Amino acid sequence: MKNRKGTDMSSIVVIGAGQAGASLVAKLRAEGFDGHIALIGEEHAPPYQRPPLSKKYLLGEMALERLFLRPESYYPENAIDLHLDTRADAIDRADKRVIAGGKSIPYDLLALTTGSVPRRLPGRLGGELAGVYVVRGLADVDAMAPEFREGAHVLIVGGGYIGLEAAAVAASRGLRVTLVEAAPRILQRVAAPETSDYFRALHASHGVDIREGVGLDTLTGEDRVTGARLSDGTELEVDFVIVGVGITPATALAEAAGLEVENGIKVDAFGRTSDPAIWAAGDCASFPHQGQRLRLESVPNAIDMAERVAENMMGAEKPYVPQPWFWSDQYDVKLQIAGLNAGYDRVIARAGEQEGSASFWYYKGDTLLAVDAMNDARAYMVGKRLIDAGRSPDPEAIANPATELKALLRP
Ligand SMILES: Cc1cc2nc3c(=O)[nH]c(=O)nc-3n(C[C@H](O)[C@H](O)[C@H](O)COP(=O)(O)OP(=O)(O)OC[C@H]3O[C@@H](n4cnc5c(N)ncnc54)[C@H](O)[C@@H]3O)c2cc1C
């Protein structure tokens, strides 16, 4: 079979059976690709959604099967060879083959959807002690689940979304929670001080002890972690530790194969790597955006980019233009984020209609960049539609509680 551009594509191999990989293979079939598809994943479970891992699944309110993106029968029914528990070890670009699980799998076109790798604490800081966890995969969460005993003391290292969500679950389940953030404030990398203040107060109201500007010096314990020394000299006794200090894109395989890497596997506007037969999508890929390179770590990006890449593998030649959005659930607060706030120079606060609801609108000059909406679906929806349409309401109108938000959508 040839695609619309005449490229031979009887066989497509996709490495990484996560959100982007699953979306990519499904889109290929939806687009009418009837050649061979192999989806290779090193994890044991079929492709699943990660967001509930630090939310409902960790709370014990979601069954395993509900995590799966598609029923297991979907793959054989759609003639997709799903290789689970199989790590791709190398790409032989000259011979167009993937070496995985002792097999050599030929491809005409290859897609890399390898996701990202959580940063771990180095061994010299106690990162290899038992009782120290990261939250990336199902196996991580299943391993830490027995630690969530009422009254246990958990130390969470890192005040980003993953750390804060884990803190919310732990506090909701009756654990004692201490969270340390080395930066001056939680969410510093991703949000304005207003949003940090909102979530600091929320966690404080649930008894979480948040310490900002305080790093971890070292974890202590024989084989298993029993304590922690913080950068301000404080010593804590802890029962277990969750490390949420960010991720790095999973580029090792691509690098070893000689593909260009620049904060992720470097792709062009269509999702193609420096090898025209190899494509990439999701957390692992960095793409051109407004004169710079961008890499996003979110479900919407993984789905949208993977679907666009599938179309482009079929010859569509449509550039990928992200319409970023994100969410986080902590206690009974749903945070919804539209847009990207990089480069903002002011933030307009707007109170929501219900108690505790609020939104923060990020502007650069008069241009609306992003909105953080806490339990305010309307602010999120209006903000997203305005941003996607490239429209910027007058900041004064946003700040004015008498402004009817939906009226801002009128042309
Ligand atoms: C706990 C948690 C909560 C999150 N919450 C949110 C949220 O609320 N909202 C949101 O938008 N995003 C959230 N995210 C981020 C979101 O889940 C990711 O951005 C998304 O999963 C990225 O999809 P992906 O396919 O690129 O990577 P992944 O879903 O990580 O899939 C990559 C897969 O490739 C596999 N792989 C890597 N290398 C190889 C290899 N050599 N051989 C075989 N397999 C390989 C990996 O094991 C993995 O299974 C969360 C992430 C986590 C971990």
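Positions are given from 1, in the same order as the sequence printed here. Counting starts at 1 for both ligands and their atoms, in listed order. A quick note: this is a predicted structure, and the numbers were derived from the prediction, not measured.
When only non-hydrogen protein atoms are considered, atom 31 (O) of ligand 1 lies nearest to G18 CA, 3.3 Å. Scanning the protein heavy atoms around atom 29 (O) of ligand 1, the nearest turns out to be R50 NE, 3.0 Å. The protein atom (non-hydrogen) at minimum distance from atom 25 (O) of ligand 1 is A20 N, 2.7 Å. In this structure, atom 22 (C) of ligand 1 lies nearest to the protein heavy atom D283 OD1, 3.2 Å.
A salt bridge between R378 and D376 is absent, with no side-chain N of the basic residue lying under 4.0 Å from a carboxylate O of the acidic one. Salt bridge annotation for D329-K334: present, with a cationic side-chain nitrogen under 4.0 angstrom from a carboxylate oxygen. Between R185 and E194, no side-chain nitrogen of the basic residue sits less than 4.0 Å from a carboxylate oxygen of the acidic one, so the salt-bridge criterion is not met. Taking a cutoff of 4.0 Å between a charged side-chain nitrogen and a carboxylate oxygen, K55 and E165 qualify as a salt bridge.
Under a 4.0 angstrom heavy-atom cut-off, P300 registers as being in contact with ligand 1. Taking 4.0 Å as the cut-off, Q49 does not count as a neighbour of ligand 1 on heavy-atom distance. For the ligand labelled ligand 1, residue T86 lies inside the 4.0 Å heavy-atom shell.
The heavy-atom pair separating Y344 from A191 by the smallest distance is OH-O, 4.3 Å. Looking at every heavy atom in both residues, L82 comes nearest to P46 through CD2-CB, 4.3 Å.
Short contacts between ligand 1 and A302, defined as distances under 4.0 Å to a heavy atom of the residue, involve ligand atoms 22 (C), 23 (O). Those atoms of ligand 1 with a heavy atom of V135 less than 4.0 angstrom away are 1 (C), 53 (C). When each atom of ligand 1 is checked for a heavy atom of E297 under 4.0 Å away, the hits are 19 (O). Annotation for ligand 1: atoms under 4.0 Å from non-hydrogen atoms of G282 are 26 (O).
In this structure, of K55, M305, Q19, H44, the residue bringing a heavy atom nearest to atom 8 (O) of ligand 1 is K55. The closest heavy-atom contact to atom 42 (N) of ligand 1, among the options A17, A281, A88, comes from A88. Atom 3 (C) of ligand 1 has its nearest heavy-atom neighbour, among S54, A22, G41, in S54. When the heavy-atom distances from atom 30 (O) of ligand 1 to R87, R136, E42 are ranked, the shortest goes to R136. Closest heavy-atom approach to atom 38 (N) of ligand 1 within the set T113, I91, T114: this belongs to T114.
By the criterion of a heavy-atom distance under 4.0 Å, both the backbone and the side chain of V299 are placed next to ligand 1. Contacts with ligand 1 closer than 4.0 Å are made by side-chain heavy atoms of I162 only, the backbone lying farther away. Under 4.0 Å from ligand 1, heavy atoms of W327 appear from its side chain as well as its backbone.
For F287 and Y320, the distance between ring centers is under 6.0 angstrom.
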